[in-house]
Chemist: 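For reference, the structure I am asking about is given below.
As a basis for the values below, the full set of heavy atoms in this structure was taken, side chains included, without hydrogen atoms, waters or symmetry mates. Atoms within a ligand are numbered from 1 in the order they appear, just like the ligands themselves. Throughout, numbering of the chain's residues begins at 1 and tracks the sequence.
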Amino acid sequence: MIGHVKKALRDSYGRLADDLRISVTDRCNFRCIYCMPAEGLKWLARDDILRFEEIHRLARIFVERYGVRTIRITGGEPLVRVKVEELVGMINSLDPTLDITMTTNGVLLAQKAQALRDAGLKRVNVSLDTLSLDRFKEMARRDAFERVIEGLAAAEEVGLSPIKLNVVVMKGYNDGEVVEFARLAREKAYDVRFIEFMPLDADGIWKEDLVVPSQRIQEQIEDLFPLVAISEDRPAPATKFKFADGSPGGVGFISSVSQAFCATCNRVRLTAEGGLRTCLFSLQETPLRDLLRSGASDDHLGRVIEAAIWRKEEGHLIGQAGFVKPVKNMSQIGG
Ligand code: SAM
Ligand code: SF4
């Protein structure tokens, strides 16, 4: 890039924003109980969703101007966006050393893994909340467990590893399976991340009683498999552990409810319709789509992005009196 020195994106609390999450669609082929209603949601119109060229342009600005190195493609379900691998290739062409990853429910992964890998995707996070076929049907509201397992195998085969599994733990549903997931992490060398259920579900079923605090999960695992904390040089929302006996794999905890990590949050999100969100729980976002479509220059977009990041919220207030649930649910934001 000519004429530009990279400048870090900082908010008014001094946090760096260098982890960009891009939602490529609000649509999904699952109906996870903690995310979507059984009947689905009203999807965005095709024209309202950013085109690949528009996403690529914003990604270029984040990478070239602001030194962003980590880009996660998410949704909705990113693999339902037609030819999403082409977008991965376009972003990869900005700089093939970028850490481009994807969060997916895995159901289309067997078909797509090779193309994604060839396009430059480095790793995948596959969301899998249960190892039981019946419970899968109950939690994802789809009979797709086996296809997700096939997707995981395909991802491993093409080298989209180390594989991370995202497990949203809900009391009374899958909280009895956490030790089984730790066992799977050891057997398959997976990194399993246990995520606390957040009030971002469209059905409004969230209540604190359904949240299993990470501490409790960790204790259950440590009864069988002692853990050793991995220290990070960068701030990370997940606290990560390896197994003390040297077994492969590891576990991590995303404790957004019981131990918010807002003070070190380095994330910024772009919604499928081009809204910049500085927090999952933001009550407003900065729309970039119309600016893109009205011929705004990179300098202009850069100024809007910098101002939006500067205004990043100090933190969310889950569990406190002032908490206001965002209108959008997780699939509309891009988790
Ligand atoms: N559809 C893809 C998937 O499920 O992996 C990507 C989008 S999904 C919104 C991203 C992540 O958010 C998934 O790991 C999902 O389990 C998680 N998630 C969705 N709703 C959540 C909630 N209410 N609390 C915590 N995590 C949630
Ligand atoms: Fe779809 Fe992912 Fe939401 Fe499940 S969590 S309904 S797979 S977007």
Chemist: Ignoring hydrogens, just give me the one of G334, G335, S127, C28 whose non-hydrogen atom is nearest atom 14 (O) of ligand 1.
Modeler: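 Among G334, G335, S127, C28, the closest heavy atom to atom 14 (O) of ligand 1 belongs to S127.
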Chemist: So which heavy atom on A308 is nearest to which on T278, and how close?
Modeler: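 Nearest heavy atoms, A308 then T278: O-CG2, 3.5 Å.
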Chemist: Nearest protein heavy-atom contact for atom 27 (C) of ligand 1: which residue, which atom, what distance?
Modeler: M330 CE, 3.5 Å
Chemist: Check the pair R277, T271 against side-chain hydrogen bond (donor to acceptor under 3.5 Å, both in side chains), reporting the backbone distance first and the verdict last.
Modeler: CA-CA 7 Å; R277 290 181 74 92; T271 67; over 6 Å; no
Chemist: What is the nearest protein non-hydrogen atom to atom 24 (N) of ligand 1, stated with its residue, atom name and distance?
Modeler: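 Answer for atom 24 (N) of ligand 1: M198 N, 2.9 Å.
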Chemist: Using a 4.0 Å heavy-atom cut-off, which part of T103 comes near ligand 1: side chain, backbone, both, or neither?
Modeler: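 It is both parts that get close, each with some atom under 4.0 Å.
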Chemist: Salt-bridge test for R15 and D11: reply yes if a basic N is under 4.0 Å from a carboxylate O, no otherwise.
Modeler: yes
Chemist: Heavy atoms only: give me the nearest F181-T130 pair and the separation to one decimal.
Modeler: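 Nearest heavy atoms, F181 then T130: CZ-N, 3.5 Å.
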Chemist: Give the atom numbers and elements of ligand 1 that come within less than 4.0 Å of a heavy atom of N105.
Modeler: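 With N105 as reference, the close atoms of ligand 1 come out as 2 (C), 3 (C), 5 (O).
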Chemist: Please find the pair of heavy atoms, one from I230 and one from F241, that lie closest to each other, and give the distance.
Modeler: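 Taking every non-hydrogen atom into account, CD1-C, 3.8 Å.
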Chemist: On a heavy-atom basis, which atom in S214 and which in E196 lie closest, and how many Å separate them?
Modeler: N-OE2, 2.8 Å
Chemist: Taking the basic N atoms (NZ, or NE/NH1/NH2) and the acidic carboxylate oxygens, is any pair closer than 4.0 Å for R186 and D245?
Modeler: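 Salt bridge flag = yes for D245 with R186.
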Chemist: Considering non-hydrogen atoms of the protein only, which is the closest contact for atom 8 (S) of ligand 1, and what is the distance?
Modeler: G75 O, 4.4 Å
Chemist: What part of T104 sits under 4.0 Å from ligand 1 if we count only heavy atoms: the side chain, the backbone, both or neither?
Modeler: backbone
Chemist: Report the protein N/O/S neighbours of atom 1 (Fe) of ligand 2 that fall below 2.8 Å; do not count waters.
Modeler: C28 SG
Chemist: Got the closest protein heavy atom to atom 15 (C) of ligand 1, with its distance?
Modeler: Y34 CE1, 4.0 Å
Chemist: Which atoms of ligand 1 sit under 4.0 Å from any heavy atom of T74?
Modeler: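 Checking each atom against T74, I get 6 (C), 7 (C).
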Chemist: N/O to N/O below 3.5 Å, does that happen between N166 and ligand 1?
Modeler: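 Yes, N166 has an N/O under 3.5 Å of an N/O on ligand 1.
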Chemist: Any salt bridge linking D298 with R60? Criterion: basic side-chain nitrogen under 4.0 Å from a carboxylate oxygen.
Modeler: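 Salt bridge flag = yes for R60 with D298.
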Chemist: In the protein, which heavy atom is nearest to atom 26 (N) of ligand 1, and how far is it?
Modeler: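 I find the closest protein heavy atom is V168 CG2, 3.5 Å.
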Chemist: Thinking salt bridges, do K6 and D95 make one under a 4.0 Å N-O criterion?
Modeler: no
Chemist: Between K188 and I163, is there a side-chain heavy-atom distance shorter than 4.5 Å?
Modeler: no
Chemist: For ligand 1 and G76, I'd like to know whether there is a polar contact (N/O to N/O, distance under 3.5 Å).
Modeler: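 For ligand 1, there is an N or O atom that lies under 3.5 Å from one belonging to G76.
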Chemist: Taking the ring centre of each residue, are F323 and F281 less than 6.0 Å apart?
Modeler: yes
Chemist: Do you know which of R293, R51, K328 makes salt bridge (Lys or Arg N to Asp or Glu O under 4.0 Å) with E273?
Modeler: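 Checked R293, R51, K328 against E273; only one passes salt bridge (Lys or Arg N to Asp or Glu O under 4.0 Å): K328.
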Chemist: For the 3.5 Å polar cut-off, considering only N or O atoms, please tell me whether E77 and ligand 1 meet it.
Modeler: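 By distance alone, the answer is yes.
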